[in-house]
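In what follows, a structure is listed as structure tokens, so that the remarks can point back to it.
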Amino acid sequence: MRASGHFRFTREALVHSRERGAADRIVGMAFSLGPLTVLLEDGMTEEDLGLARLKEVAAKALGDREVGWFMCYRIRLGIK
């Protein structure tokens, strides 16, 4: 952003949030990733991408139990 010359001020901030969820939430987050959905639409299988294994491991480790974790986000700000 800074190198583009379109902004007089740029800043990057790292933030986090506390989340809770069970195995299905963790697997759902994986499915929400853009590149992953493109690969699935292009014909790759959940097995090819390791998603079947992720479902198995998450279910075995957590079952229906909810656990807490932190989600981290990178925010890039630009002021014209």
Side-chain angles (χ1 to χ4, degrees):
M1 287 175 59
R2 180 177 297 141
S4 75
H6 293 288
F7 302 93
R8 64 182 167 88
F9 176 83
T10 61
R11 184 69 52 161
E12 183 174 88
L14 303 174
V15 297
H16 72 273
S17 64
R18 295 178 72 182
E19 304 285 333
R20 290 193 64 75
D24 60 339
R25 175 122 189 259
I26 292 171
V27 173
M29 288 173 53
F31 275 91
S32 73
L33 298 173
L36 185 63
T37 56
V38 170
L39 292 172
L40 290 168
E41 289 170 0
D42 285 346
M44 292 191 76
T45 67
E46 291 182 13
E47 188 71 36
D48 294 336
L49 298 171
L51 294 169
R53 182 73 177 134
L54 174 62
K55 287 179 180 179
E56 291 172 22
V57 170
K60 184 176 180 180
L62 299 177
D64 292 331
R65 181 173 55 97
E66 282 195 356
V67 295
W69 68 81
F70 288 95
M71 293 288 295
C72 299
Y73 306 89
R74 183 180 304 252
I75 301 170
R76 293 187 176 117
L77 307 167
I79 298 174
K80 287 190 163 204

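What you see below is based on every heavy atom in this structure, not just the backbone, and it leaves out hydrogens, waters and symmetry mates.
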Test item: R20 and V67 side chains (from C-beta on) under 4.5 Å apart, heavy atoms: no
Heavy-atom closest contact (A23 atom, A59 atom, distance): CB-N, 3.8 Å
M71 with V15, same ILVMFWY side-chain cluster at under 4.5 Å: yes
Minimal non-hydrogen separation, Y73 against H16, with atom names: CD1-CA, 4.4 Å
Residue pairs, two or more places apart or on separate chains, that pass side-chain hydrogen bond (donor to acceptor under 3.5 Å, both in side chains) and touch residues 27-42: none
side-chain contact (heavy atoms from CB on, under 4.5 Å) between L77 and F9, worked out: CA-CA 8 Å; L77 307 167; F9 176 83; 5.6 Å; no
Minimum heavy-atom distance between H6 and K80, given as atom pair plus value: O-CG, 3.6 Å
Sub-4.5 Å side-chain heavy-atom contact between E12 and T10: no
I75-M1 co-clustered via ILVMFWY side chain contacts under 4.5 Å: no
Minimum heavy-atom distance between M29 and W69, given as atom pair plus value: SD-CZ2, 3.7 Å
From CA spacing to verdict: side-chain contact (heavy atoms from CB on, under 4.5 Å), K55, E46: CA-CA 10 Å; K55 287 179 180 179; E46 291 182 13; 2.9 Å; yes
Minimum heavy-atom distance between A30 and L54, given as atom pair plus value: CB-CD2, 3.8 Å
R65 side chain to A61 backbone, donor-acceptor under 3.5 Å: yes
Candidate list V38, L51, L39, test side chain to side chain contact (heavy atoms under 4.5 Å, CB included), partner M44, passing option: L39
Any E19 side-chain heavy atom under 4.5 Å of R25 side chain: yes
Transitive ILVMFWY side-chain link V57 to L62, under 4.5 Å: no
Taking every non-hydrogen atom, the tightest pair across L40 and T45: CD2-C, 4.1 Å
Distance in Å, F7 CZ paired with R76 CZ, rounded so as to fall on 0.5 Å steps: 12.0 Å
